[in-house]
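Below is one structure, written out as structure tokens; comments come after it.
Numbers here are sequence positions counted from 1. What you see below is based on every heavy atom in this structure, not just the backbone, and it leaves out hydrogens, waters and symmetry mates.
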Amino acid sequence: MKKLYFILISSLVFTLLFYNEDLGLNWAIFGMMQTALICYFFQEKFTTRLHLILVVTSVLSCFAFAWYGDFPSFFALALSIIFLQFKTQEPKLKLLQALPLVFINGIASLGRILMFSQYLPKRKVNNSFAKKLIAYFVIPVLFLGLFLIVYSFGSDHFSSLFTDYYLDIDAWQAFVLTALGFFISFNFWNYWIPEVCYEKNDLLDNDFKEEAKTQNQNSFSFLGIDFERRSGEITLFLLNVLLLVFIATYNYEQFFEVVQKSNLSSDTHERVNAVIFSTIMAVGVILFYFIGGFNFDEKAINLKKLAKIWILLNGILILCTIIKNSEYVSFFGLTYKRLGVYAFLILAIIGLVISFVKITKQKTNAFLFNQMIWYFYGTILLCSFINWGNLITNYNISVNKGVEPTFLSGLNFNDEVRRDYFLQNKLDGQNIELSREKEISRYQSEPFLSKAFYYEFIKIEK
């Protein structure tokens, strides 16, 4: 019964917040309400520090979206509240299952909404408030409505008391918002978890079971474990030699070969893409050879050493790419894409470190993914909290790189710094800048629930 209340209240609030409004502060308020409901009604389930952390990140994400109102802050808000709900209601399930379950429920709920017996009360109402609501409001209003209709047919003057008014409501919009709000609330409060998620949850444990430590099974049934161990050693030895040659040629092309400035962009993109695929495949190789038995094979000492060398060499390759990306930034300035390259490369290094820990501490393959989802989540939070557009603008102006008017006007949330720069360089009369000022005025003229607070603190240029 409690779930039904949550669904109905959330649906009503959603409709009221978004009716005749654009996306803005209303999402932050809706997110804060969901967080507050979880904290108040399920506080007895808050048993670990993780719950407190998720509450804090959920609140901060709501504030971030209220301030910026952009996609990264919305993504952070959605992830934070979903993770909070998931770890509160299903603390034993691994967080890796949260996002697939969101997708599954988004499809399954199209049919589950029609299964009323799953969420509507089956017994007679015992709650005193519900009894009063039905007895004192629902039944009298029902009869009153029926007699109003009957009496309206018998007297034109009586009918005019109730018909000579026009209620300015967009019925179609209200219906769509109510349906959408109910669908979102239904998925959030009455989600479905297939039994297989509970049955296979152990497969996502960070540590091996005791029987797995003693079985020492090989990956290929047609190969003996000695042949497979030797095969892994030969493979990793050859891969290490190949990677050493690639690092040598890669760094020669980057730091010793003369490259035209016009080709620097395309060359850098090609090399970064190569490193991205190399890192993904490097982690894949580690997961392939250390899926089970070799983690505890006492004879696999050489295999483990070669795997650690493989990880180290891939780390060197990533560091070289970071240096190259920094050189690219020094030539052309910062952009969102170049910051994204830094973010991915740092995540790649973290992934390699976790792979190293997996081999050293004899962890499962799931350990890598269980850890990386938290670092991915942390990256999303970082992207939503920091004003990257302002950072890029300040840096590029300080080094006088990447300061083209069209580029600077296309960055988000850099208005004060950009205006000062354009004013000093007499660039404020350009069409792109005038268009940006009109956009700021439009944001400031939005209704309260559609606003992003950032624009409320920006002065309109006269």
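Residues meeting the salt bridge (charged side-chain N to carboxylate O under 4.0 Å, His left out) test with R49, sequence neighbours left out: none. In this structure, the side-chain contact (heavy atoms from CB on, under 4.5 Å) partners of S109, at least two apart in sequence or on a different chain, are N105, R112, F183, F186, N187. Legend: residues meeting salt bridge (charged side-chain N to carboxylate O under 4.0 Å, His left out) with E416, ordered by chain and number and at least two apart, are absent. Considering only residues two or more places apart in sequence or on other chains, T178 meets the side-chain contact (heavy atoms from CB on, under 4.5 Å) condition with T15. Legend: residues meeting salt bridge (charged side-chain N to carboxylate O under 4.0 Å, His left out) with E446, ordered by chain and number and at least two apart, are R442. For N201, the side-chain hydrogen bond (donor to acceptor under 3.5 Å, both in side chains) criterion is met by Q97, not counting sequence neighbours. Considering only residues two or more places apart in sequence or on other chains, E404 meets the salt bridge (charged side-chain N to carboxylate O under 4.0 Å, His left out) condition with none of them. Considering only residues two or more places apart in sequence or on other chains, T321 meets the side-chain hydrogen bond (donor to acceptor under 3.5 Å, both in side chains) condition with Y250. With sequence neighbours excluded, the residues that form a side-chain contact (heavy atoms from CB on, under 4.5 Å) with S409 are R418, F422, I432, E433.
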Check against side-chain contact (heavy atoms from CB on, under 4.5 Å), V417 and I397 | CA-CA 9 Å; V417 178; I397 290 175; 3.8 Å; yes

Determine, step by step, whether F407 and V403 satisfy the side-chain contact (heavy atoms from CB on, under 4.5 Å) criterion, reporting the C-alpha distance in whole Å, the side-chain angles of both residues, the deciding distance to 0.1 Å, and the verdict.
-> CA-CA 7 Å; F407 173 72; V403 290; over 6 Å; no

Begin with the C-alpha distance, continue with both residues' side-chain angles, and end with the deciding distance and a verdict on side chain to side chain donor-acceptor pair (under 3.5 Å) for T393 and Y421.
-> CA-CA 10 Å; T393 306; Y421 177 77; over 6 Å; no

Kindly indicate, with the supporting measurements, whether the criterion side-chain contact (heavy atoms from CB on, under 4.5 Å) is fulfilled by I458 and R419.
-> CA-CA 11 Å; I458 301 296; R419 283 172 172 177; 3.5 Å; yes

Worked verdict on L242 versus F246 for side-chain contact (heavy atoms from CB on, under 4.5 Å) | CA-CA 6 Å; L242 181 64; F246 178 73; 5.7 Å; no

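Note: T57 OG1 to F83 CZ = 9.5 Å, rounded to the nearest 0.5 Å. The distance from atom SG of C39 to atom NZ of K45, rounded to the nearest 0.5 Å, is 13.5 Å.
Here the closest non-hydrogen pair linking D22 and N26 is O-ND2, 2.9 Å. Scanning all heavy atoms of the two residues, the minimum distance from Q34 to S10 falls at OE1-OG, 3.1 Å. Minimum heavy-atom separation, C383 to P72: O-CB, 4.2 Å. Residues A28 and L77 share a closest heavy-atom pair of CA-CD1, 4.2 Å. Closest of all the heavy-atom pairs between K401 and S330 is CE-O, 3.6 Å. The two residues F14 and G181 come nearest to each other via the heavy atoms CD2-CA, 3.3 Å.
Applying the salt bridge (Lys or Arg N to Asp or Glu O under 4.0 Å) definition to pairs two or more places apart or across chains, those involving residues 359-371 are D207-K363. Sorted by first and then second residue, the salt bridge (Lys or Arg N to Asp or Glu O under 4.0 Å) pairs involving residues 85-103 (not counting sequence neighbours) are K94-D205.
Looking only at distances, a side-chain donor or acceptor of T364 sits under 3.5 Å from a matching main-chain atom of N206. The main-chain N or O of Q444 is found under 3.5 Å from a side-chain atom of K451 such that the two form a donor-acceptor pair. For Q173 (side chain) and N20 (main-chain N/O), a donor-acceptor pair under 3.5 Å exists by modelled atom type. Checked by atom type and distance alone, the side chain of Q371 never pairs as donor or acceptor with a backbone atom of I350 at under 3.5 Å. The backbone N or O of G410 lies less than 3.5 Å from no partner atom in the side chain of R436, so there is not a single donor-acceptor pair. Of the possible donor and acceptor atoms, one in the side chain of N370 sits under 3.5 Å from a partner among the backbone N and O of L204. A donor-acceptor pair under 3.5 Å is formed between the side chain of N396 and the backbone N or O of G402. Proximity of a side-chain donor or acceptor of S384 to a complementary backbone N or O of S73 within less than 3.5 Å is not detected. Proximity of a side-chain donor or acceptor of N365 to a complementary backbone N or O of L287 within less than 3.5 Å is detected.
Within the 4.5 Å cutoff, the side chain of L239 has no heavy atoms near those of the L306 side chain. Using a 4.5 Å cut-off on side-chain heavy atoms (C-beta onward), W189 and I38 make contact.
In this structure, a donor-acceptor pair under 3.5 Å is absent between the side chains of S58 and S80. Remark: the N390 side chain and the N414 side chain contain no N/O donor-acceptor pair separated by less than 3.5 Å.
Annotation: Y375, atom OH; neighbour count of heavy atoms from other residues, nucleotides and ligands within 6.0 Å does not exceed 12. Taking a 6.0 Å sphere around OH of Y395, one finds it holds more than 12 heavy atoms contributed by other residues, nucleotides or ligands. At most 12 heavy atoms of other shown residues, nucleotides or ligands fall within 6.0 angstrom of atom CZ in F63.
Taking the six-membered ring where the residue is Trp, the centroids of F42 and F46 are separated by 6.0 Å or more.
By the 30° and 60° cut-offs, the orientation of the rings of F75 relative to F71 is parallel. Between W67 and F457, the ring planes are tilted. Angles from 30° to 60° get that label.
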Please table the atom pairs, donor to acceptor, closer than 3.5 Å between any side-chain atom in residues 307-317 and protein atoms at least two apart or in another chain.
| unit_1 | atom_1 | unit_2 | atom_2 | d |
| --- | --- | --- | --- | --- |
| W310 | NE1 | A282 | O | 3.3 |
| N314 | OD1 | S278 | OG | 3.4 |
| N314 | ND2 | W310 | O | 2.8 |

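Residue F413 forms a ring pair (Phe, Tyr, Trp, His ring centres under 6.0 Å) with just one option from W388, F453, Y443, Y68, and that option is Y68.
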